[in-house]
Number of protein chains: 2
Amino acid sequence: MEDKLLVLGLLMSSEMHGYQINEMIEMHLGTGIQLKKSLIYKLLGKMADDGWLTFTEEKAGKRPTRRVYAITARGKEAFQQLLLDSLADYRPVDLLGHVAEGYLDMLPPELSLPRLEQRRQKLVALLQETLDLGTHPGSQQFVIGHQIHHLKSELTWLDGVIKTVKES
Amino acid sequence: MEDKLLVLGLLMSSEMHGYQINEMIEMHLGTGIQLKKSLIYKLLGKMADDGWLTFTEEKAGKRPTRRVYAITARGKEAFQQLLLDSLADYRPVDLLGHVAEGYLDMLPPELSLPRLEQRRQKLVALLQETLDLGTHPGSQQFVIGHQIHHLKSELTWLDGVIKTVKES
DNA sequence: TGCAATATAGTCACATATGACTATACATAC
DNA sequence: GTATGTATAGTCATATGTGACTATATTGCA
């Protein structure tokens, strides 16, 4: 559902072809927004079938022809509705990637601490990357801001975990 | 990868059949850990094929026969390795469910605010539910703790968003 | 007693998502 | 001048994940 919302939202501001939409998502939204190229193309196809989008084939030079999609009136209605529904909803994010913490007591600190330090470095790098993104023009400030808030909260938590392991 | 880690971890403390594992995950890990029944069965099959698990068929009363899985030596090695790898890694969580925030300026506050309030209520309910879970015996304290930390951070963020919209 | 709901245990068809791939153009270095 | 990388544009086979379903037993309760 939010995948459609995202694509429709981008098309609200201007017509685009799949490749461009993918660029937008990769460039201006952080690593927290995960919507892969191949999915984007499927979504575009589906939404065109449903009458939310129209497209024109475009041949620029000798590059592969591309489909430039534009949002229709029906698409704009759908966008509104998706937006309202999405705002009213709250689904928990998947933290499956963090189950390892639950098994920390199965490892001696000498083994786990260096790993946790590596983990911390990756988190810090990700945070820095996202902070940088936020300063670029064209970035979606709200979305990036949320990611930064989240990552800082994650860093706080991780430092707590490391402290606990050190003290054990 | 973390899905295997989770299942192996549960089997480290005792033998179990698929249904039991599913119960564990649904009862003792919060809503943040999403690993559905059908996936669990597939994982068990795969890991048995790979020699990480063995199983015995068990017939209790007239209920469907069930496979009781136990972790092997190879499985324990794999668990160690997965645990170390997982600890050393940090992959961003998917915040696609939050793209709607990026389009808030496309709605008048009269429309968006009630929706944001609904969202807040769901978040608060989820937080309460997770807090309750944490007090039950058998819950994985670290994992639940992380979820609580995350959800509180989310609430802070959401309140900031609501404030911003009110002031606009 | 009867029947609706829930617990037990798992399968399967289908939906969704991803990496690897195709193909062309252009720039850069060697 | 030719190999190497990367930007453009998108497809497709395969991997992954999910809801809906089967089938039986037990419990609650009207």
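Heavy-atom basis, side chains included; hydrogens, waters and symmetry copies ignored. All chains are named by letter (A, B, ...) in the order of the sequence lines, taking the proteins before the strands, and each is independently numbered beginning at 1.
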Quick one: do A:Val93 and B:His98 satisfy side chain to side chain contact (heavy atoms under 4.5 Å, CB included)? Show the steps, please. CA-CA 10 Å; A:Val93 298; B:His98 294 82; 4.0 Å; yes
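Within residues 33-41 of chain A, the residues having any heavy atom under 4.0 Å from DNA chain C are, by residue number, A:Lys36, A:Ser38, A:Leu39.
Closest approach to the B:Lys42 side chain among D:dT18, C:dA9, D:dA7 is made by D:dT18 (side chain taken as heavy atoms from C-beta onward). For B:Glu23, the listed nucleotide lying nearest its side chain is C:dT8; candidates were C:dG10, C:dT8, D:dG17.
Using five terminal pairs a side, the axes of the helix from C:dT1-D:dA30 to C:dC30-D:dG1 at its two ends make an angle of 20°, given in steps of 10 degrees.
One atom, CG of A:Asp94, and another, P of D:dT18, lie 8 Å apart when rounded to the nearest Å. Rounded to whole angstrom, the span from the CE atom of A:Met24 across to the C1' atom of D:dA7 amounts to 17 Å. Distance CG (A:Leu43) to P (D:dG10): 14 Å, rounded to an integer number of Å. Atom CZ of B:Arg66 and atom C1' of D:dA23 are 16 Å apart (whole Å). If you measure from atom CE of A:Met1 to atom P of C:dA17, you get 14 Å, rounded to the nearest angstrom. Rounding to whole angstrom units, CD of residue A:Glu26 and P of D:dA9 are separated by 14 Å. To the nearest angstrom, C1' of D:dT11 lies 19 Å from NZ of A:Lys46.
Relative to the ring axis of A:Trp52, A:Lys4 places its NZ or CZ within 45° and under 6.0 Å from the centre. A cation-pi contact links A:Arg67 to A:Phe55, judged by a cut-off of 6.0 Å to the six-membered ring centre and 45° from its axis.
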List the atom pairs, donor and acceptor, that lie under 3.5 Å between side-chain atoms in residues 30-45 of chain A and the rest of the protein, sequence neighbours left out.
{"unit_1": "A:Gln34", "atom_1": "NE2", "unit_2": "A:Thr31", "atom_2": "O", "d": "3.0"}
{"unit_1": "A:Gln34", "atom_1": "NE2", "unit_2": "B:Pro92", "atom_2": "O", "d": "3.4"}
{"unit_1": "A:Tyr41", "atom_1": "OH", "unit_2": "A:Tyr19", "atom_2": "N", "d": "3.2"}

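Taking the six-membered ring for Trp and thresholds of 30 and 60 degrees, B:Trp157 and A:Phe142 have ring planes more than 60 degrees apart, a perpendicular arrangement.
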